[in-house]
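Notes for the one structure printed next.
Indexing begins at 1, ligand by ligand and atom by atom, following the structure's order.
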Amino acid sequence: MNWGSSQGYQDPTGFRILGLPDDGTMAQYVKVPVRNLAPKPAHLSFEEAAALPLAGLTAYRALISRAQLKKGEKVLITGIGGGVALFAAQFAIAAGADVYVTSGSDEKIEKALKMGIKGGVNYTHMDWSLSLKKRTGEFDVIVDGAGGDGMDALFDLAHPGARIVFYGATRGNPSGLTTRRIFWKQLNILGSTMGSPEDFQGMAEMIQQHTIKPVIDKVFSMEEGEAAFRWMDDASQFGKIVLKIQ
Ligand SMILES: NC(=O)c1ccc[n+]([C@@H]2O[C@H](COP(=O)([O-])OP(=O)(O)OC[C@H]3O[C@@H](n4cnc5c(N)ncnc54)[C@H](OP(=O)(O)O)[C@@H]3O)[C@@H](O)[C@H]2O)c1
């Protein structure tokens, strides 16, 4: 809410997220400004539409508005089990890119292969980035929400002139970075957070145009809210976890 007037960044003082610091959407009623409402895409169920706004918007801005992904480019999306990552993969496939992923789970990579990604690698394996580079070569675009000590490997996997978008830091800060790789390869390092109303509009149009359906892992009732959080803690989900108001 209150993105502000710049397409480049959110209003540094007025920007708020439903859920941070305001109460979020685990509620029977939520009050939002009318200008923030959008029609539900007709091909989506209410559960699918509920899965869309935050993760879909973040993925769209990172991949389309910030990285400016083009048809035929080779893109790497890390941690495909993540909500944003899965949307990014769906958008990248729809945009005609060659999409590769990482995951800590071979099973999740198998599921992503069924969605149309070209290949994946398990980041828990030793030298995962070297084996990926041997198979695929370097990437034009990389989308990452993990950060931490995995960042250096991403700079190594990037093609000279590549765009690398960071939208999260699940792994925290890196203990070190090979700065030389960034300037020698002329890398474009981009940060991305949520998205503007224009990004939201663009995301909704992309969803409609390509009849993209959010991947839903599990739907819980509101009364099962705690179980839903425990399920998320377990990290075995592939897709969004939705709370349904009966
Ligand atoms: N900037 C923004 O506007 C914005 C918006 C939403 C979220 N975020 C941030 O983005 C991050 C992801 O959020 P999310 O809700 O999409 O994810 P999520 O559903 O919480 O899942 C996190 C994912 O991180 C992946 N992961 C864990 N360790 C990893 C590693 N070493 N390398 C690569 N991936 C790893 C896992 O993928 P696998 O299960 O495949 O192993 C996991 O599924 C969080 O840090 C969140 O705070 C930022």
Here the atoms of ligand 1 under 4.0 Å from any heavy atom belonging to Ser192 are 1 (N)
A student checking ligand 1 against Ile80 at a 4.0 Å heavy-atom cut-off should list atoms 40 (O)
Spell out, as yes or no, whether a donor-acceptor pair under 3.5 Å connects the side chain of Gln68 to the backbone of Ser65. yes
*Kindly say whether Lys133 contributes a backbone atom to a donor-acceptor pair with the side chain of Glu138 at under 3.5 angstrom?*
no
Side chain, backbone, both or neither: which part of [X] comes within less than 4.0 Å of ligand 1 when only heavy atoms are counted?
{"X": "Met232", "result": "neither"}
{"X": "Thr58", "result": "side chain"}
{"X": "Ala169", "result": "backbone"}
{"X": "Lys108", "result": "side chain"}
{"X": "Leu54", "result": "side chain"}

Give me the residue, atom name and distance of the protein heavy atom closest to [atom].
{"atom": "atom 8 (N) of ligand 1", "value": "Tyr167 O, 3.7 Å"}
{"atom": "atom 25 (C) of ligand 1", "value": "Gly79 CA, 3.8 Å"}
{"atom": "atom 38 (P) of ligand 1", "value": "Ser103 OG, 3.5 Å"}
{"atom": "atom 23 (C) of ligand 1", "value": "Gly82 CA, 3.9 Å"}

Are any of the N or O atoms of [X] closer than 3.5 Å to those of ligand 1?
{"X": "Gly81", "result": "yes"}
{"X": "Ala146", "result": "no"}
{"X": "Tyr123", "result": "yes"}
{"X": "Thr170", "result": "yes"}
{"X": "Gly168", "result": "no"}

Within a distance of under 4.0 Å, is there any protein heavy atom near [atom]?
{"atom": "atom 13 (O) of ligand 1", "answer": "no"}
{"atom": "atom 46 (C) of ligand 1", "answer": "no"}
{"atom": "atom 31 (N) of ligand 1", "answer": "yes"}

Does Tyr9, at its OH atom, have more than 12 non-hydrogen atoms belonging to other residues, nucleotides or ligands within less than 6.0 Å?
no
- Message: Set out, in order, the CA-CA distance, both residues' side-chain angles and the distance that settles side chain to side chain donor-acceptor pair (under 3.5 Å) for Asn122 and Asp106, then state yes or no.
- Response: CA-CA 6 Å; Asn122 190 319; Asp106 292 343; 2.9 Å; yes
Minimal heavy-atom distance between Ala162 and Ala158, with the atoms involved, is CB-CB, 3.7 Å
In this structure, is the centre-to-centre distance between the rings of Phe87 and Tyr60 below 6.0 Å? no
- [ ] Identify whether the distance between the nearest side-chain nitrogen and carboxylate oxygen of Lys40 and Glu48 falls below 4.0 Å.
- [x] no
